[in-house]
Amino acid sequence: MNIRRRRRLMVVVTILVGLGMATGLVMYALRSNIDLFYTPGEILYGRGADHTDKPHPGQQLRIGGIVLPGSVKRDPNTLAVQFKLYDANGVVEVTYVGILPDLFREGQGIVAEGVLEDGNVIKARQVLAKHDAKYTPPEITHAMKKNPDDPALNIQTMQGEQQ
């Protein structure tokens, strides 16, 4: 191999190694900022056929569900709010300190981004509400279609279980 080809090969190898290292560093940096989407049922019982993929306390996540009617509790002295989200398989509690979206209300589909704490409580840093009153996150819609006869769909039944 002549000198010119050897230099070209070295340049190409150097570029490929540099790109590989840059990609690896970017993925490592983004690893802590990845928010995985879960439904309330997946937080409680796990994901997948064997239900082993459960989020752990301290994990950043996004949770989508419907605000359980009668579950919104506001602190009159601060901006703190507690409410429960439900899907066809479970109910989890969400705490949030801040101004909620104008469209936030009971029975509304929302997505909350935050950290899972002990006791399956999500400490949200952001709450998002969709403008359409019929909005339901796709994962919730799919779960409800899979289990249409599930007693968890009955809101009164779930409220009674939580009290």
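- In this structure the side chain of Ile110 never reaches within 4.5 angstrom of the side chain of Leu128, judged on heavy atoms.
- Between Leu100 and Val81 the shortest side-chain heavy-atom distance falls below 4.5 Å.
- Here the two rings, on Phe83 and Phe104, have centers that are under 6.0 Å apart.
- The CD1 atom of Ile43 sits 6.0 Å away from the CG atom of Leu116 when rounded to the nearest 0.5 Å.
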Would you give me the side-chain donor-acceptor pairs under 3.5 Å for residues 1-25, sequence neighbours excluded?
from: Asn2; atom 1: OD1; to: Arg4; atom 2: N; distance (Å): 3.3
from: Asn2; atom 1: OD1; to: Arg5; atom 2: N; distance (Å): 2.9
from: Thr14; atom 1: OG1; to: Met10; atom 2: O; distance (Å): 2.6
from: Thr23; atom 1: OG1; to: Leu19; atom 2: O; distance (Å): 2.9

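- In this structure, Leu44 is not a member of the same hydrophobic cluster as Val121, with clusters built from ILVMFWY side-chain heavy atoms closer than 4.5 Å.
- The minimum heavy-atom distance between Pro57 and Glu117, with the atom names listed, is CB-C, 4.3 Å.
- A donor-acceptor pair is defined here as one N or O able to donate and one able to accept, closer than 3.5 Å; no such pair exists between the side chain of Gln108 and the backbone of Arg105.
- One finds the CD1 atom of Ile63 at 9.0 Å from the CG atom of Asn120 (value rounded to the nearest 0.5 Å).
- The environment of Asp102 atom CG is sparse: at most 12 non-hydrogen atoms of other residues, nucleotides or ligands sit within 6.0 angstrom.
- A salt bridge between Arg62 and Glu113 is present, with a side-chain N of the basic residue lying under 4.0 Å from a carboxylate O of the acidic one.
- Atom CD of Glu42 is separated from atom CG of Leu36 by 10.5 Å, given to the nearest 0.5 angstrom.
- When all heavy atoms are compared, the tightest approach of Ser71 to Val67 is OG-CG1, 4.3 Å.
- Clustering ILVMFWY residues whenever any of their side-chain heavy atoms sit less than 4.5 angstrom apart, transitively, puts Val127 in a cluster other than the one holding Val97.
- Considering NZ of Lys73 and CD of Glu93, their distance stands at 7.0 Å, rounded to 0.5 Å.
- Between atom CZ of residue Phe37 and atom CG of residue Leu61 there is a gap of 10.0 Å, rounded to the nearest 0.5 Å.
- For the pairing with Ile122, the side chain to side chain contact (heavy atoms under 4.5 Å, CB included) check across Thr95, Val92, Val115, Leu85 returns one residue only, Val92.
- One hydrophobic cluster, built from ILVMFWY side chains closer than 4.5 Å, cannot hold both Leu79 and Leu103; they sit in different ones.
- With a 4.5 Å cut-off on side-chain heavy atoms, Pro40 and Val91 do not count as touching.
- Here Thr39 contributes atom OG1 and Ile66 contributes atom CD1; the two are 11.5 Å apart, rounded to the nearest 0.5 Å.
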